[in-house]
Protein chains: 2
Amino acid sequence: MTRSKSKSFPARDSYHHGDLHSTLVEAAEHLLEKQGLSALSMREVAKLAGVSHSAPYRHFRGKAGLLEAVAQAGFNRLAVMINGAHDAYPDDPEAQLRAAGVAYVEWATENPERTHLMYGGMMKSEDVPETLHACAEDAYAGIFHIIDEGRQAGVFGGDDTDSVVISAWAVVHGLTMLILGSGKVNPANPGEVRQLALRVCDTILDGIRSRTGTGDQPS
Amino acid sequence: MTRSKSKSFPARDSYHHGDLHSTLVEAAEHLLEKQGLSALSMREVAKLAGVSHSAPYRHFRGKAGLLEAVAQAGFNRLAVMINGAHDAYPDDPEAQLRAAGVAYVEWATENPERTHLMYGGMMKSEDVPETLHACAEDAYAGIFHIIDEGRQAGVFGGDDTDSVVISAWAVVHGLTMLILGSGKVNPANPGEVRQLALRVCDTILDGIRSRTGTGDQPS
DNA sequence: ACCTGAACACCGTTCAAGT
DNA sequence: ACCTGAACACCGTTCAAGT
């Protein structure tokens, strides 16, 4: 059982590793979800990737740089999910928002360590790099797009789109944190997670729906 | 500048330390907010408290135990704030909820590292101890109390109190995480934080207000 | 250009020994 | 009962040297 070459992280066929950069990111994601952030060591990641413990430093600016790459990948995934929800329900902003919310909560509760990482659980907020903010911005833009279209169609109200977006994102993300942290809900029970997510989405929809109900609104 | 005895963490006057337990918690809180979680070491906490690096192990079950105590203190603080908001606005559930929400967001943005710690950013969720859940439960009970009274008074609607509580807590906590993690808002600008918190509270209040508006509701 | 292995300073934790 | 200091295994990071 000397798992020196696992299926997911194959050994290279030469002195140089073909694509060590992404191999390291995958290894880090794997160890992160398996052992938790506090037990994640650079040396273990390198060992799992099949290289010496100093090799990663040619590809990332230390441990923080590697974790930053993992967080970025998470935000990119989020943006893809949100845009997918938008495209799946054309001309139905409520359904788009519900689908995006449920997908977010489901993914995040299935990948708790990555989620915590993405929201800065391990770096002093001052030195969170700008590239990470840019990735979060992409996901934010997806929600903004859904809500902005919904407001133009007269489905959603609110004074300005940004504050509606913030409220919508906040409930969904807050629910996720409560599920992960409270012990009141078993994250491994997909039905319960989904039901909670739907309920919370409905509450926020009740809060942001246009009050006129006619489809047009005061300029 | 050999700050071997600071004002906040005074040296003891004998071989035994009078109250090392709480001195260590205070030292940990201080270093946590100053340097961030990843830079917090047990040895530094001990040095700041003025004892040898092995002394803390008589009082806490390792580093995890010390951080657990810090997180517990945070939840207790939260519960006090929520109950304070309740008592400050008798018979006005909307004002109670707004006050609790704003107080929460303000405290959490001023103490970002402690907040991340409380929500499990550094422990595998499986082994978050039961005592921590109990403290979170106290804070949860405070919100529950406000919303339950509001529902009985006909101010709030919803199918069951728990799901309303979850939505309310989620927006507020989610907003906090967004402020800390997004870089879109400067947490050091109290006016902006307060304004955002109020807007988000109003959105959720719009979502949970009773639809009858008369003060009584179907049993 | 990319990877290795020795080296350094640090860390968490334990345990016999001191007061 | 509480605290110390040496000890151990580990970690992040650097750097001359190898391919």
Side-chain angles (χ1 to χ4, degrees), chain A residues 4-5 9-28 31-32 34-71 113 117 121-124 127 129, chain B residues 4-5 9-28 31-32 34-71 113 117 121-124 127 129:
Chain A
S4 78
K5 31 191 89 177
F9 309 104
R12 71 220 124 124
D13 30 358
S14 79
Y15 185 80
H16 287 78
H17 193 294
D19 187 10
L20 186 52
H21 188 97
S22 36
T23 304
L24 286 168
V25 172
E26 284 165 37
L31 285 175
L32 189 61
K34 193 170 138 211
Q35 313 184 332
L37 180 57
S38 61
L40 179 73
S41 85
M42 210 61 173
R43 288 168 111 107
E44 230 175 333
V45 171
K47 195 190 292 181
L48 184 55
V51 292
S52 85
H53 64 263
S54 48
Y57 291 82
R58 299 284 138 184
H59 296 270
F60 299 97
R61 268 202 262 80
K63 190 179 188 178
L66 177 56
L67 294 180
E68 182 193 330
V70 172
E113 304 292 333
L117 188 68
M122 97 307 343
M123 315 190 234
K124 278 286 302 157
D127 40 49
Chain B
S4 77
K5 33 191 84 175
F9 307 107
R12 69 222 125 121
D13 32 357
S14 80
Y15 185 81
H16 287 75
H17 192 295
D19 187 9
L20 185 53
H21 188 97
S22 34
T23 303
L24 286 168
V25 172
E26 285 165 37
L31 285 176
L32 189 61
K34 194 171 135 210
Q35 314 183 332
L37 180 56
S38 61
L40 180 75
S41 86
M42 209 61 174
R43 289 168 111 108
E44 231 175 333
V45 171
K47 194 191 292 181
L48 184 55
V51 292
S52 85
H53 64 260
S54 49
Y57 290 82
R58 297 287 137 181
H59 297 270
F60 300 97
R61 268 200 262 79
K63 191 179 187 177
L66 176 55
L67 293 180
E68 181 192 332
V70 172
E113 303 292 333
L117 189 69
M122 96 310 338
M123 316 190 233
K124 277 288 300 157
D127 41 49

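Letters A, B, ... mirror the listed sequences (proteins, then strands); counts begin at 1.
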Report the C-alpha distance between Glu68(B) and Leu66(B) in whole Å, list the side-chain angles of each, state the deciding distance to 0.1 Å, and finish with yes or no for side chain to side chain contact (heavy atoms under 4.5 Å, CB included).
-> CA-CA 5 Å; Glu68(B) 181 192 332; Leu66(B) 176 55; over 6 Å; no

Checking side chain to side chain contact (heavy atoms under 4.5 Å, CB included) for the pair Val25(A)/Phe60(A): CA distance, chi angles, key distance, verdict?
-> CA-CA 10 Å; Val25(A) 172; Phe60(A) 299 97; 3.8 Å; yes

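Straight-line distance from the CG atom of Leu40(B) to the P atom of dC11(C): 10 Å, rounded to whole Å. Look at NZ on Lys47(A): it is 12 Å from P on dG12(D), rounded to the nearest Å. Distance His21(A) NE2 to dA1(C) P: 18 Å, rounded to the nearest Å. Protein atom NE2 of His53(A) is 18 Å distant from nucleotide atom P of dC10(C), rounded to whole Å. Here the C1' atom of nucleotide dT14(C) and the NZ atom of Lys63(B) are 17 Å apart, to the nearest Å. For the pair Gln35(B) CD and dC10(C) C1', the computed distance is 14 Å after rounding to whole Å. The distance from atom CG of Leu66(B) to atom C1' of dC11(C) is 15 Å, rounded to the nearest whole Å. The NE2 atom of His16(B) sits 10 Å away from the P atom of dA1(D) (whole-angstrom rounding).
Comparing Arg58(A) and Met42(A) by the nucleotide of DNA chain D that holds the closest heavy atom to each, the one mapping nearer the 5' end is Met42(A). Where Ala55(A) and Arg61(B) each meet DNA chain C at their nearest nucleotide, the meeting point lying more 5' is that of Ala55(A).
Base contact: Ser54(A) has a heavy atom under 4.0 Å from a base atom.
A heavy-atom distance below 4.5 Å is found between the side chains of Leu67(A) and Leu37(A). Side-chain contact between Glu113(A) and Gln35(A): absent, with no pair of heavy atoms (C-beta onward) separated by less than 4.5 Å.
With both pairing distances under 3.5 Å, dA1(C) is matched to dT19(D) as a Watson-Crick or G-U wobble pair. Both distances falling under 3.5 Å, in either a Watson-Crick or a G-U wobble arrangement, place dT14(C) opposite dA6(D).
Close to dC3(D), at under 4.0 Å from its OP1 or OP2, lies no side-chain N or O of Ser52(B). A close approach under 4.0 Å does occur between a side-chain nitrogen or oxygen of His59(B) and OP1 or OP2 of dC3(D).
When distances are taken from the side chain of Arg43(B) to each of dT13(C), dC3(C), dT14(D), the shortest belongs to dT13(C). Comparing dG5(D), dT4(D), dT4(C) against the side chain of Val51(B) picks out dT4(D) as the nearest. Considering only the side chain of Glu44(A), dC11(D) comes nearest among dG12(C), dA6(D), dC11(D). Distances from the side chain of Ser41(B) to the nucleotides dA7(C), dT4(C), dG12(C) place dG12(C) closest.
Remark: side-chain polar atoms of Lys47(A) are not paired, donor with acceptor, to backbone N or O of Met42(A) under 3.5 angstrom.
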